[in-house]
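Only one structure is covered here, and it is reproduced in the block below.
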Amino acid sequence: MNDKVLFWFRNDLRMADNPGFYEACLSGEVLPVYILDHNIDIGSASKWWLYYSLNKLNDSLQNHLHVVSGDSESIILDMCKTYRIERVYWNKSYEPFRINQDDKIQKVLAEHNISTSTYNGSLLWEPQKVTKSDGTPYKVFTPFYRKGCLQSEVPRYTVSAPKNLKLFKIPKQYGIKELGLLPSNNWYKKFDNHWEIGEVAAQEKLHNFINSGLNGYKEQRNYPFKKNVSRLSPHLHFGEISPNQIWYTIIEKIGNKDVDHFLSELGWREFSNYLLFHFPNLNEINFQRKFDDFPWKFNNELFSAWTKGETGYPIVDAGMRELWQTGYIHNRVRMIVASFLVKNLLIHWHYGRDWFWDCLVDADLANNSASWQWVAGSGADAAPYFRIFNPVIQGEKFDINGEYTRRFVPELSLLPNNYLFKPWEASKEILNRSSVELGKTYPFPIVDLRETREIALNSYNVIRGV
DNA sequence: TGAAATGTTGGGGCG
DNA sequence: ACGCCCCAACATTTC
C-alpha cells in the first residue's frame with residue numbers, strides 16, 4: 001500500500017468524480033502530473049483557460065501538481081524510472097491522437113514492468129461499446145442517442161473526491177507559469193471578466209443553471225440574450241466537471257421537456273465524440289465525400305471581415321465580436337455565423353474550424369469537427385445543405401429586442417429594432433438620428449444575401465449527384 | 001436546429 | 001346581391 005504511483009492529468013482537471021485519480025489514491029502515494037504535450041495543438045483562448053485551470057487544480061492538490069512540457073511518452077517513462085514508480089493511472093481520451101499515443105505508452109511502460117490502469121472519466125457511453133445490431137457505428141443522432149445510449153447500460157455513477165490525499169513531490173524544473181500558456185501581449189485580459197475557472201466554479205455554474213436557466217430551457221435556449229444556456233462547455237472540455245456529474249444532478253429533477261432537452265445536448269456531445277472515434281479523420285475530411293468537389297471560393301478580405309465582426313450583418317458581427325471578447329458564442333449564434341461563412345461567403349469550413357479553434361475557450365476537437373461539418377452540410381446527420389440561415393430573419397427572430405446585438409455592436413445601439421438587423425434599409429433620417437453612417441461607423445453588407453444564397457444552392461447542385 | 005417560392009383560403013372593397 | 005379582384009394569412013412544396 002505504500003507503492004508510488006503516478007496519476008497523469010489530462011482533460012480531467014478535477015478532484016471529484018475523477019475515476020482514475022480516485023483509484024490512484026487508493027493504491028498508494030501519488031505523484032500528480034500534467035504534461036503539456038508539444039505534439040498536441042491547443043488554441044490561444046484554450047491556453048488561457050488551461051493556465052488558470054491548472055492553477056486551481058494545483059491549489060486543490062496542495063501545491064503538489066508536477067507540470068512539465070514535452071513528449072508525454074518519454075517524460076512518463078523517465079519519471080517512472082527515476083523515481084521507481086511502478087504503476088501509472090490516467091483517464092482515457094477518445095481523440096485519435098491520444099488513443100494511439102496511449103497505446104504506445106502502455107506498451108513501452110509494460111516493457112519496463114510498469115503497469116497502467118486507465119478509466120473512462122469523460123464520456124457517458126464509451127464509443128466502442130455503442131454499435132448498431134450489424135456492428136457498424138450509428139450515423140444518425142436520434143437512434144444513436146435513444147437506442148444506442150439510453151437503452152444500453154446507465155452511465156457510470158459518480159465517485160467522490162479522494163478522501164485522504166497522500167501525494168509526493170519530485171524536484172521541479174519549473175512551475176505552471178513557465179509552461180508559456182499565457183501570451184506576452186494582453187489580448188486575453190478581456191476574458192477575465194467573463195469566466196470563473198476551475199472545479200468549484202463549474203459546480204456553481206451547474207447549480208446556477210439549474211436554479212435559473214433550466215426552467216424553459218427547450219425554448220429559451222435559442223435567445224442569446226437570455227440566461228437559459230449553461231455555458232458549461234469549457235468546464236466540460238477541460239474536465240473540471242464530468243458529464244456524469246451533470247447527468248446525475250440534472251436527472252434528479254422532475255422529468256420534463258426542458259430536462260430531456262438539456263440531457264440530449266449532452267447526448268450531442270457524446271455523438272460528436274462517438275463520430276470522431278469511429279471516423280478519426282472527421283476534423284479534416286468531409287464525412288460525406290461528395291463535398292470534396294464543392295467549389296469553395298476563399299477570399300481573404302471576406303474571411304478577415306468575418307473574423308473581425310465587420311460583415312455588415314449585425315447578428316453575425318455581434319456573434320464574432322462576442323467570440324473575440326469573451327472566447328465564447330451562444331449556440332444559436334454559432335449556427336448563424338457558421339452558416340454565413342460557409343453558405344454566404346462560400347468559404348471552406350476548415351477556415352471557420354481553425355478560427356474557432358484558436359478563439360474559443362471551449363474549443364474541443366470532437367465538437368468542433370462534428371459541428372462545423374454539421375453546419376456545412378457535409379457531416380453525419382448534418383443540416384441539409386439547402387438550409388441556409390438568413391441573418392436578418394435570424395436576428396429578428398432570436399434577438400427580438402436587440403439587446404444582444406446592441407451589446408456587441410454598440411455603434412448600432414441607437415437604431416430602432418425594425419432596422420437593427422438591416423441598417424442598409426433605414427432612411428437617411430433614421431440613420432442620422434441613430435448616429436450611424438454606413439461605410440464609416442458600420443460597414444455596408446459585404447455580400448448580397450439573395451445572390452450568395454443562389455450561388456450556394458447552385459454549387460450544391462453540382463455535387464449532389466456525386 | 002430554414003427560407004423562399006408557390007399554393008390555398010377567406011374577408012373586404014368595389015363596381 | 002353578386003362576382004371579381006386584391007392580398008393577408010396560413011399551408012405546402014421546393015431548394
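What you see is a predicted model; the values in this text were computed from it and never measured. Every chain is numbered from 1 and lettered A, B, ... according to where its sequence line falls, protein lines coming before strand lines.
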*asked:* Any side-chain N or O of Arg450(A) below 4.0 angstrom from OP1/OP2 of dA5(B)?
replied: yes
**Q.** NZ or CZ of Arg332(A) within 45° of Phe398(A) ring axis and under 6.0 Å
**A.** yes
To the nearest angstrom, the CG-C1' distance between Asn461(A) and dC15(C) comes to 8 Å
When rounded to whole Å, the CZ to C1' distance for the pair Arg387(A) and dC15(C) reads 12 Å
Quick check on Lys56(A): does its NZ atom have over 12 non-hydrogen neighbours (other residues, nucleotides or ligands) under 6.0 Å away?
no
Exercise. Please state whether the phosphate of dT1(B), meaning OP1 or OP2, lies under 4.0 angstrom from any side-chain nitrogen or oxygen of Gln394(A).
Key: no
CG (Asn256(A)) and NZ (Lys253(A)) are apart, to the nearest 0.5 Å, by 11.5 Å
Glu454(A) atom CD is separated from dA3(B) atom C1', nearest whole Å, by 11 Å
Separation of dT1(B) atom C1' from Tyr223(A) atom OH, nearest Å, is 13 Å
key: Residue-phosphate contact under 4.0 Å: Lys397(A) side-chain N/O, dG2(B) OP1/OP2   = no
In whole angstroms, the gap separating P of dT1(B) from CZ of Arg221(A) amounts to 9 Å
Rounded to whole Å, the CZ-C1' distance (Phe340(A) to dT1(B)) equals 19 Å
Looking at Asn390(A), I'd like to know whether one of its side-chain N or O atoms comes within less than 4.0 Å of OP1 or OP2 on dA4(B). yes
Taken to the nearest whole Å, OH/Tyr217(A) to P/dT1(B) is 12 Å
Rounded to whole Å, the CD-C1' distance (Glu396(A) to dA3(B)) equals 13 Å
Audit row: Asn367(A), Trp268(A), side-chain hydrogen bond (donor to acceptor under 3.5 Å, both in side chains) steps and yes/no: CA-CA 9 Å; Asn367(A) 290 327; Trp268(A) 275 97; over 6 Å; no
